[in-house]
Amino acid sequence: MRIAVISDIHANLPALDAVVAAAGAIDAWWHCGDVVGYGPHPNEVVARLRELDAVGVMGNHDAAALGSPIIEWFNPYAAEAALWTRRTLTEDARAWLAALPEQVVVDGWTIVHGSARDPLQEYVTSPSVALATMRHVPTRTTLCGHTHVPKAWRADETMQVVEDGGSIGAGPLALEGGLWLLNPGSVGQPRDGDRRAAAMVLDTAAGTATWLRAAYPIAATQAAIRRAGLPERLAARLDVGR
Ligand code: ZN
């Protein structure tokens with residue numbers, strides 16, 4: 001099976017469509033949350049994920065768009081976009097988002113947005129937090145998003161966490177030995193300095209993960225952000241991938 005893993009789409013339809021085109025033949029689509037927020041296409045992105053029959057979890061921006069008080073933690077740009085998304089979502093899209101769980105297990109993989117112990121808020125940015133998530137889940141392999149940065153963590157038999165980010169983009173990563181925690185990066189708002197949409201493909205027969213980047217028409221998303229009256233900063237940051 002070839003499984004596409006995507007995260008932090010953030011209502012950026014051109015970016016999602018570029019990833020769909022770049023991924024090739026895919027048997028299943030999994031997502032790590034933040035389907036909406038920041039971007040101008042919340043209903044269109046939900047519709048596309050439904051077409052793909054995508055399985056996934058809720059992110060903090062999805063929760064904020066549904067009315068969660070989590071919005072109080074947001075910076076002013078994120079909060080303004082969340083309030084716009086609340087007003088813009090159709091009843092249909094809202095119901096689909098509201099049905100997303102905070103954690104799901106599929107085919108031996110656990111999927112969360114942030115960390116396993118705090119799925120909506122905690123960022124996995126250090127070995128200790130990565131290890132906490134690996135110990136918290138019922139599976140050997142875990143997928144997360146939230147940081148918008150592609151990453152691979154491995155904990156070996158002595159439970160020492162190894163950051164394996166150097167392999168990212170350099171071909172398939174063999175998921176051998178120990179526990180793994182993988183972040184595909186962000187489709188709709190990358191923050192690793194590469195403005196292309198990020199995603200990952202799991203090959204279950206080969207036991208590998210391969211990260212991919214897809215260029216997309218950023219100007220189209222920026223124009224839609226401006227038409228919607230969303231903060232200019234949200235359009236500008238797409239140019240730099242930060
Ligand atoms: Zn996000």
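Every value quoted in this text rests on a predicted model; they were computed, and no experiment measured them. Numbering of ligands and ligand atoms starts at 1, following listing order. Side-chain atoms are counted along with the backbone in the values below, which use heavy atoms only and exclude waters and symmetry mates.
In this model, no donor atom of one side chain and acceptor atom of the other lie less than 3.5 Å apart for Gln189 and Asp34. Side chains of Thr139 and Thr110: a donor-acceptor N/O pair is present below 3.5 angstrom, by distance only. Looking only at atom types and distance, the side chain of His146 has no donor-acceptor partner in the side chain of Asp8 under 3.5 Å away.
For residues 221-242, no residue pair satisfies the ring-ring contact (aromatic ring centres under 6.0 Å, His included) rule, not counting sequence neighbours. Legend: ring-ring contact (aromatic ring centres under 6.0 Å, His included) pairs involving residues 220-242, not counting sequence neighbours: none detected. Residue pairs that meet the ring-ring contact (aromatic ring centres under 6.0 Å, His included) test with at least one member in residues 54-73, sequence neighbours left out, are His10-His61, Tyr38-His61, His61-Phe74.
Within a radius of less than 2.8 Å around the Zn ion (ligand 1), the protein N, O or S atoms are Asp8 OD1, His10 NE2, Asp34 OD2, His148 NE2.
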